[in-house]
Structures are given as structure tokens and as C-alpha cells.
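Contents: one structure, followed by commentary.
What you are looking at is a predicted structure, and each value in this text was computed from that prediction instead of being measured. In what follows, chains are A, B, ... by sequence order, proteins preceding strands, each numbered from 1.
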Amino acid sequence: MRHNRAERMSEDDERQQSSPSDLEFTSNKARNCNATGSGSGHPEFQSPFPDQVLENVLENVLHFLTSRRDRNAASLVCKSWYRVEALTRSELFIGNCYAVSPDRATARFIRVRALHLKGKPRFADFNLMPPDWGAHFNPWALALAKAYPWLEKVYLKRMSVTDDDLATLAESFSGFKELVLVCCDGFGTSGLAIFVSKCRQLRVLDLIESEVTDDETDWISCFPEGESHLESLIFDCVECPINFEALERLVARSPSLKKLRLNRHVSIGQLYRLMIRAPQLTHLGTGSFSPLEVAGQGDQEPDYVTAFAACRSLVCLSGFREIIPDYLPAIYPVCSNLTSLNFSYANIDAEQLKPIISNCHKLQVFWVLDSICDEGLQAVAATCKELRELRVFPIDAREDSDGPVSEVGLQAISEGCRKLQSILYFCQRMTNAAVIAMSKNCPDLVVFRLCIMGRHRPDPVTGDPMDDGFGAIVMNCKKLTRLAVSGLLTDKAFDYIGRYGKLVRTLSVAFAGDSDMGLKYVLEGCPQLQKLEIRDSPFGDAALRSGLHHYYNMRFLWMSSCSLTRQGCQEIAHAMDRLVVEVIRSIGEEEMDDSVGTLYMYRSLEGPRTDAPKFVTIL
Amino acid sequence: MEGSVAYENDLNLKATELRLGLPGTDEREEQSVSNVRNKKRPLQDADEEFGANGKSDAQNETATPAKAQIVGWPPIRSYRKNNFQPKKSESDGPGIYVKVSMDGAPYLRKIDLKVYTGYAELLQALENMFKFTIGEYSEREGYKGSDYAPTYEDKDGDWMLVGDVPWDMFVTSCKRLRIMKGSEARGLGCGV
């Protein structure tokens, strides 16, 4: 029996519960909204056109509905609600650009002002996916230009965006206000130049962790003259020098500018000049935080401390790309106000951190390098009682390097930062005891990502696998929605996850598990699972089959270097016609190889995509 | 760029080295990847490689002594990996501070020679500091194309033209710097 799938855009709001799974919309479920006892509480009218009046009322009411989850639920009530919801949805979120085509999306939602679109899966960030795999923004840009001339905001993540696409955005939407590109690539400074020169209403240009080609175009100079509406300019990922004088003039004529994140080509002296022009900043990325040349003795250094002190609204500080620690004391005046501090490019040790962090009582978000060692983390734990999110990155990202942070740091954080909600922790060694401690001390954990960099590493104290640690996390952290595991793990760990991880939506697995059972536990046990990414784990076709009941509820499944065969994947493809099953080949693999290098599969209303490159086979 | 100055002045010891082997063979060692032939593709150029091929095999991994890097592991984005230079600190070990005088300037400056990796950087810094341009250096004719010549006083008390000796030798023998101007400068290096 064929079901008409609801045209449900994939949703994934990390902070909210997911809506009921696998909802269908068939014609025999459509209710006549005038029936008595329908229970939704809306009035019954006896006028000749009840549907029309109802729709007007609904339209007014639904305008207030902002959460896309609620909107998805509302759209499934009946045809009338579906129609009205589609009319009133102004922010459109599409979690997988291949799940639905631009034409279908623009046909259903006709009054969209903001689009949020995601492309490649996350493992693409780590070179596990060949370049030119897809996720091209171009067809979307063209469809948007036709459908929404009033479009104001575009947010893209892991999409390939060309210079032409940027030009399309700038030329097609006269009121365009916000462009946010996260982990995108495919464009360069010349595209930026065209974009900023034509977007006269631009308020936000945020380039975050994106790859920007250096076409040697001076894009900063291309902002139009006269007062600008800029509220946010983030370009710390742009790896090319910029025209500083033009930037200084731009900042001077942007009275609304609140967020400014500079790239590493801006020296501390230049930073000073910008700060004194923009003391109203709330978010600042400091650029290199070192001088262009070595200051000789007797050089008149600007008064950095006063510049920072003047920024009374500063709550978020980042940058420090090439930090000279001697300049760190300049930030003392703002420490007590900071809610977010990103030191993840700053190679500083515990002694250099302590005087700073001991003043950061309000800190909620802290990103840092493991150069601060366990001792530095202890200092964080001692002061930052409001900490919600911690990320500890490795300075030396190799398997065999010395680990400056360990279970000691994690234990300290768990004891000091009880309100912790999200942690990403890279280390070389970790004990079950410390992980268990964190599971008990930090019950509010929503995101727990532990990366023990040595593969298959057991608990160094007991010699046991890390099963019990992660088991405790899923057992004790009742709000957990995102989990990344590492270290030596047997199927038992996955048994725990399947048994207790009832809210888990995103799971990352690498070099873990013993057999198909591991994956089975998860697929059978985690009803909220949306995104599952697995690499180098011994899960095969039988395990894959055990998820058939659930794949339509997921945004995607990624499995690379596991034990899958082409035949096994083919079975899945045949069983589920709304699933796109991609087999991605590495170099040296023949097209008819039986073993599968990388499997990437996702639900879609469109069937196999037409832009797949040669190394992708869609089964 | 800066470091190459030193190499040009090296005695080419390799050419006269005595060793076994046929002439013309180069004994440069291969980056050892042969011990990981089994399953994992070691990390080469991140741009060329994609995908860790083959299946995961836990037993094999623990046996190989020198673990080659695995693609995409640990899961750190490449721009974070490439970011770290050795810690820069102005007070990292004793600096070699020398006075720098410029003919016609009212006061002297001081610079730390340890900060620079070669002549090019040093000269650039001097140019920036005193707002002038140094000409082009050549062994035969010194600095051509400008009125200035950078000189230094060495351990023996003699005034030398900057750039003649290998960088490391310069750093250890330089006591002070003087940027000469005008006719005095043009006299230096011309058939002395």
C-alpha cells in the first residue's frame, strides 16, 4: 500500500523534542474543519464560506507560530491548516539540501523571507568526502531569485557557493539583509566584492569557518560609501590580507556595528584603531593580537587597556590568532563581563590563563587549546560556575602526541561547572571514572563529545574498555541529545546507548564496536536518532537491515570504512524507495567492487540527484 | 625566503661525502609508509586523498609500531591543524639586542636580532623602522640603488657591510648596526 508522504521538511532543532515520527498525510485523513467535536477549539461559523473565514483566522494566528517544529505539526492537522501554514511560514529550514528540490520548496512556501539550508554531512569537514561531491547552492539561488524577491536572509552550512551565486543574491533581492556562510566553500574575494557592493541594505555578513579563495580583490573597499547599516561583520576565516584603511573607514561609518571578527592579518595596533572607533561592540574577534613588527624599546605603544575598558558592552571575545601573550593583560577590563571567550587559537599555558580566567565569573562559553593543561582546566573549574559550553582543542592533533589534558581536567570541570550543557574534549587519555563523575555532576548535559585521540585506547588505569563511562553518560544525563564516542569500545557501549539514550538525535562513532550487534542496538533502541555518522567500525549488512523501520525518520546515515557490501546496500535501496543510497568511492576502488567504501544515505522526496559526480553511485 | 641566504653560502659538503653506493644514487630516506600497507591509507596530502580505504582491523593496528596518520583522524578541521607556530614571546630566552643608528636621525633604536630568521627580514624591519629603502644587495657591489647602506660593527671593531657573511655568523658577531647615508655609503663595497 502506497502512502503519500507528508511534505515534511527535515527538522532538527537540537534543543527541542522531535515531533512524532513517520507522520503521513493521506487524503482520507483530511478532516473537514467544520465538523463538531474536532477539538481544536476554533469557532464554528454558519457563513456561506466557512473555510475562507477560518483560513483568515488561522492565518493571523499562525503568524505567531515561530518554531518550525510546531509549524510542522500544525501543517499536518488538515488540508486547511497545511495551506495556511504554508502561506505564513516566513523562515524556511531545510536540513538536507537534497531532501527536497528548490522548486518543490518554493512552490509550497510562497512567502519566505529567510532560508536556512544545509548541505554536506559533517564528516566532509575531515577530508572523508572527495571535493566536488555536491551541495551546490546554485539551483537554490536561482529558484529563490524567482520565488522570493523580498528575501532578506540566507544561512548556509556546508554548501558550495560560487562567486556567481553571491552575485545572484546581491542582484536579485533589493532588501537583502543577512548572509551567513558556515563551513562553505567555492567562492572567493571577488565574489565577496560583488556581493557587498550591490547589497545596499546589508546588516549581517558572517563568514564562519569557510574557505575563501584569495583572488586578490580588495572586497572591503567595495562596501558602498555613506552610512552603512552593518550590524555584524565576521571574516576571521578569510585567509587573505585586507585593506585596513578601508576597513577603518567602514567601521567609522557603521554606527550599528555590534559584531566584528577580524582575520589574522589585522595586527594589534590596527585592532586598537578599530576599537576606539567602535566602543559599542558586543562581539569582538581580535585578529592576530600581535604587532606587525617587533616593537623596539621606546616605541609608543597604544594604550590597549583603555581601548578594552571603553568597550563596556563587550560580552564575546575571540581571535588571538597569533597571540603574543605579553599583550593578554590588555583584556582584563572586559573579563568580568564576558559570557563567551574563544582562546582556541591561542597557544597559552596555565600560568598565562589564570589571571584572565580568574576574573571571568560570568563566562558561559569557553573554547580553548589543551596547551593550558589540566592545571588550566582546574582554574576554569574554580571560577566559571556559570559555564554552559566547553571545548578543548588539541594543539598537536596526532594520535601519538603527548596529552597535556586528561581525566584530571575533565574531573575538575565536572566538579566545578555543574551547569555544563555541552562539552567537546580532545585528549590522549581518559578514565571511565572521570566520565562517570561527569555524568553524575553535570546532569544538564545535552552534548557530550569526547575524543580520545589514540584509537582503541582503553582506560589507562583499569585496562577496561570505555563502555561504562559512556554508559553512565546516557544513563545519567537525561537530556542528552548529542553524543560522540571514542576509545576502546565493545558492543556493550552501544547496548547502553540503545537502552538509555532515548533522546539521542546525533551520534558519532569511530573505531568502535565488535560486531553487527553494536549498530543494531542503536538502530533499534534510539527512536529520536536523526543523524548517525560512523567510520571504521565492524558493522555490516545485517546491522544495516535492522534500521529499515527507522531510516525515513532520519536525516542521514553515514558509514565509511565499515563492513558493508554493495549487495547489502542495494537491498536497502530496493526496500525503501524514498531513500537515496549513495556509495562514494575512494581512489583505487573500482565501480563494481563489492565492498563499500562510504555509504551516505538520506530520505528525499526527489529521488536520485542529477548532479552526482562520477565517484558517486546511487543505488 | 629569508633562510635561503644561509644555504647559498654553505660548503657543498654533500658533494664530497664518502659513502657506499653507486654514483648517482640518492640515499634520501622515503617517508616510511610501507608498514601500513595493510588496511589504512596514511595521510598524505589532505587535498589529494579522500576516504580511508579498506576495513578497520583492530588487531592489525596495535601491531604496527609507527602509526601513520589516518585520514580525518582525529576529527579536527584542517585550518585548526595548520595554525600553530611555535610560541612567540618577546621574553622567550635572552634576546640579542643591538643598537641601531641611522645617519641624521636624532636618536638610536634597539632591535633583537633573534627575532629575525635572515637578512631579508632584518632589512625589511630596518626599512619600516626608519622609513627608508635599502637598495639591492649583490656580493660584488654592495647595496645598489639607494643612498643608504646597512653596516655593522663586528667583534673586531671593524665596520662591515651587512649581508656578506652567513646569517648565523652575522648574528653572533654583530655588536651594533649603523645605517650609513650618502657618500660614505656609496664608497662601501666598491673594489675595496
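- The shortest distance between side-chain heavy atoms of B:P74 and A:F426 falls below 4.5 Å.
- Looking at A:C183, only its side chain comes within 4.5 Å of chain B, counting heavy atoms on both sides.
- Residue A:E209 places its CD atom among more than 12 non-hydrogen atoms of other residues, nucleotides or ligands, all under 6.0 Å distant.
- Rounding to the nearest 0.5 Å places CZ of B:R80 at 4.0 Å from CZ of A:F393.
- Crowding of B:D158 atom CG: a count of heavy atoms from other residues, nucleotides or ligands under 6.0 Å exceeding 12.
- Looking at residues two or more places apart in sequence or on another chain, you find no ring-ring contact (aromatic ring centres under 6.0 Å, His included) involving A:Y425.
- Distance check: A:R455 CZ to B:I70 CD1 gives 4.0 Å after rounding to the nearest 0.5 Å.
- Proximity of a side-chain donor or acceptor of B:W73 to a complementary backbone N or O of A:R398 within less than 3.5 Å is not detected.
- Contacts of A:I452 with chain B are made by backbone atoms alone, with heavy-atom separations under 4.5 Å and no side-chain atom involved.
- Note that CD1 of A:I395 and CD1 of B:I76 are 11.5 Å apart. Values are rounded to the nearest 0.5 Å.
- The neighbour count for A:D214 CG, taken as heavy atoms of other residues, nucleotides or ligands under 6.0 Å away, is above 12.
- Shortest non-hydrogen contact noted between B:V71 and A:N127 is CG1-O, 3.6 Å.
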